[in-house]
Trainee: 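Sharing a structure, written as structure tokens. Questions coming.
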Amino acid sequence: MSSALSTASRNIARGALRASRPSTSYSGYRISPTSAALHARNYASAATDAAEAVHQSAITNRDPSENSKSAAFVREYEPYCLTTYARPGLVLSSGKGCYIWDIEGQKYLDFTAGIAVNALGHGDEELSKILYEQSLKMIHTSNLYYNEWTGPLCKLLVERTLATKGMQSASRVFVSNSGSEANEAALKFARKYGKLTPGGGEHKYEVVSFYNSFHGRTMGSLSATPNQKYQKPFAPMVPGFKYAKYNDIDGLDIITKDTCAVIIEPIQGEGGVYFATPEFITALRKKCDQVDAVLIFDEIQSGLGRSGYLWAHEAFPAEAQPDILTTAKALGGGIPIGAAMISERIAQAIKIGDHGTTFGGNPLATRVAHYVVDKLSNPEFLDEVKHKAELFRSGLEQLKEKYPSVITEIRGTGLIWGVQLNRDPNAIVDAARLRGLLVITAGNNTVRIVPPLIVKEKEILEGIEVLDTAFASL
């Protein structure tokens, strides 16, 4: 598509150049400057029409019409659903690998992965087989009893983490249903620890988080998310939360002896794909040690291979590691599950009855997660993610060079990328969708790209080409 666009653009440019000449002599005939100007306007008009024709021809996936099956479906069921998301009119129906189809039969290349959830893509056959077999055997028991899969999942998470350069204090795991719940658990564990640690007590309950972060929508995790768009409708927040500037070492004085926890994303995904610097994270770790505050790394989006490492914080210095790590999203490959992995020092503060969950750790979700973690922690798999990252980096940087009036910065690693624009990104999201590519927004004017980790090289190139035509259509 972009090659066709480039060819058309070159042809149009040649025509416009010829038309711009003020006078051309031929045997027995002369074109006057006035006539040349008229020709130039005609060529310019033709150029505009030709460019528009190219852009229109690139549209392969029309949004459903009012008379479509999709529109009828939405009209029938939307009145019964609480509207908390703004959505386009398409209704998704099936998926395989990195492609999904709507009920009209239109095919899309999925660079959203369900917001970084479907790490193994759609329709993974082994995952589907596990779901089927386990659903026949046992779906749920509650945590009043042991089951066959929660323990093995916890052991696998700890052992695979210890085998990396990541959290070397990893000891125990609490399994929840979502990322927000994993963060809630982490915050509760930190507050309990703060009450019991030497020098702690009832005063040690404050939590520090960072601007531009996102930790969830339940009240504790929301209180750690200093964004008025999310917080204001539900104010007041839980007492004790304070906020600092990301990557500002001088601002770490906000952490005091009254601080029980600091929660931070090594990569701010929802915030626009921003990275904590090694210097900042190292200073943060030292500050937490000075006041005996629990350091929580929220790797809900950045973890489990998304960065090219099992955990994104592996890229930091060895001394910059967390006391608690939270994960979710990719953990279940699409099945709801989250987890908080904690050090033994923190675990000793938690007693029976301090926390719990009804659905968390059910054998269906944990068996699926065991399979997913085993796949995503494979060193060869992670090396492939790093290799694919370079394809994205190269392709997106080329787009930045081609569209400097729109794209101001490219940020990313592994298979999490942010394309920073100087305008509302929804026009690009819409243009890409109409050309068969799904991407999402993040932060302030950022297009976020988080494809399944199994994305193939040819699919990356296909996606970059569609983005090219989307930007050209602006």
Trainee: Can you confirm whether W311 sits close enough to T327 that some side-chain heavy atom of one is under 4.5 Å from a side-chain heavy atom of the other?
Mentor: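 Yes, at least one pair of side-chain atoms sits under 4.5 Å.
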Trainee: Has Q134 got a side-chain atom pairing as donor or acceptor with M138's backbone, closer than 3.5 angstrom?
Mentor: yes
Trainee: For the residue pair F316 and F297, categorise the inter-ring angle as parallel (less than 30°), tilted (30 to 60°) or perpendicular (more than 60°).
Mentor: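 Ring orientation, 0 to 90° scale: perpendicular.
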Trainee: Judged by atom type as modelled, is there a donor-acceptor pair below 3.5 Å linking the side chain of T225 to the main-chain atoms of H215?
Mentor: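 Side chain of T225 to backbone of H215: a pair is present.
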Trainee: According to the interplanar angle, ranging from 0 to 90°, do the rings of H355 and F174 count as parallel (below 30°), tilted (30 to 60°) or perpendicular (above 60°)?
Mentor: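 It falls in the tilted class, 30° to 60°.
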Trainee: Taking atom NZ as the centre, does K386 end up with more than 12 heavy-atom neighbours from other residues, nucleotides or ligands that are less than 6.0 angstrom away?
Mentor: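 Counting neighbours around NZ of K386, more than 12 heavy atoms of other residues, nucleotides or ligands fall under 6.0 Å, so yes.
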Trainee: Just wondering, do Y108 and R435 contact through their side chains at under 4.5 Å, heavy atoms?
Mentor: no
Trainee: Taking R62 for the side chain and L434 for the main chain, is one N or O donor matched with an acceptor at less than 3.5 Å?
Mentor: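 Between the backbone of L434 and the side chain of R62 there is no qualifying donor-acceptor contact (under 3.5 Å).
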Trainee: If you measure from the Lys or Arg side-chain nitrogens to the Asp or Glu carboxylate oxygens, is any gap between R75 and E66 under 4.0 Å?
Mentor: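 Salt bridge present between R75 and E66.
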Trainee: Kindly determine whether N227 and K229 satisfy side chain to side chain contact (heavy atoms under 4.5 Å, CB included), including the steps that lead there.
Mentor: CA-CA 5 Å; N227 185 323; K229 179 177 72 173; 3.2 Å; yes
Trainee: For Y211, is the NZ or CZ atom of K245 found under 6.0 angstrom from the centre of its six-membered ring and inside 45 degrees of the ring axis?
Mentor: no
Trainee: Do V466 and L109 have side-chain heavy atoms sitting under 4.5 Å apart?
Mentor: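 Result no, sub-4.5 Å side-chain heavy-atom pair not found.
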Trainee: Can you confirm whether I449 sits close enough to V419 that some side-chain heavy atom of one is under 4.5 Å from a side-chain heavy atom of the other?
Mentor: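 Yes, close enough: below the 4.5 Å cut-off.
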Trainee: Could you tell me whether K388 atom NZ has more than 12 heavy atoms of other residues or ligands within 6.0 Å of it?
Mentor: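 Count over threshold, so yes.
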Trainee: Salt bridge between E133 and R367, side-chain N to carboxylate O under 4.0 Å?
Mentor: yes
Trainee: Going by an N to O cut-off under 4.0 Å, is there a salt bridge joining D374 and R160?
Mentor: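 Counted as a salt bridge, because a side-chain N and a carboxylate O are separated by less than 4.0 Å.
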Trainee: Run the side-chain donor-acceptor check on residues 86-97: report pairs under 3.5 Å with partners two or more places apart or on a different chain.
Mentor:
from	atom 1	to	atom 2	distance (Å)
K96	NZ	G123	O	2.8

Trainee: Just wondering, are more than 12 heavy atoms of other shown residues or ligands nearer than 6.0 Å to CD1 in I115?
Mentor: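 12 or below, so no.
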Trainee: Report, as yes or no, whether the 6.0 Å neighbourhood of atom CZ on F280 holds more than 12 heavy atoms from other residues, nucleotides or ligands.
Mentor: yes
Trainee: Only one of I296, L284, D298 clears side chain to side chain contact (heavy atoms under 4.5 Å, CB included) with I264; which?
Mentor: L284
Trainee: Can you check whether N147's main-chain N or O pairs, donor with acceptor, with T150's side chain at less than 3.5 Å?
Mentor: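 The answer is no, because no donor-acceptor pair under 3.5 Å joins these two groups.
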Trainee: Report yes if the side chains of I100 and L438 come closer than 4.5 Å at any heavy-atom pair, otherwise no.
Mentor: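 Yes, their side chains come closer than 4.5 Å.
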Trainee: Kindly check if the number of other-residue, nucleotide or ligand heavy atoms within 6.0 Å of CZ (F359) is above 12?
Mentor: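 At most 12 heavy atoms, drawn from other residues, nucleotides or ligands, come within 6.0 Å of this atom.
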Trainee: Are Q398 and S394 linked by a side-chain donor-acceptor pair shorter than 3.5 Å?
Mentor: yes
Trainee: Is R411 close enough and on-axis enough to Y274, meaning under 6.0 Å and within 45°, for cation-pi?
Mentor: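 Positive - R411 is close enough to the ring of Y274 and near enough to its axis.
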Trainee: Rounded to the nearest 0.5 Å, what separation is found between the CZ atom of F111 and the CD1 atom of I460?
Mentor: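 The CD1 atom of I460 is 6.5 Å from CZ of F111, to the nearest 0.5 Å.
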Trainee: Just how far is it from atom CD of Q420 to atom CD of E409, taken to the nearest 0.5 Å?
Mentor: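 Reported value, rounded in 0.5 Å steps: 6.5 Å.
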Trainee: Within the structure provided, determine whether E270 and Y230 are in side-chain contact (heavy-atom separation under 4.5 Å).
Mentor: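 In short, these two side chains touch, coming nearer than 4.5 Å.
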Trainee: If you count every heavy atom of other residues, nucleotides or ligands that lies below 6.0 Å from E148 atom CD, does the total exceed 12?
Mentor: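 Open.
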Trainee: Any side-chain heavy atom of V450 within less than 4.5 Å of one from R448?
Mentor: yes
Trainee: Do the side chain of E76 and the main chain of F73 share a donor and acceptor less than 3.5 angstrom apart?
Mentor: no
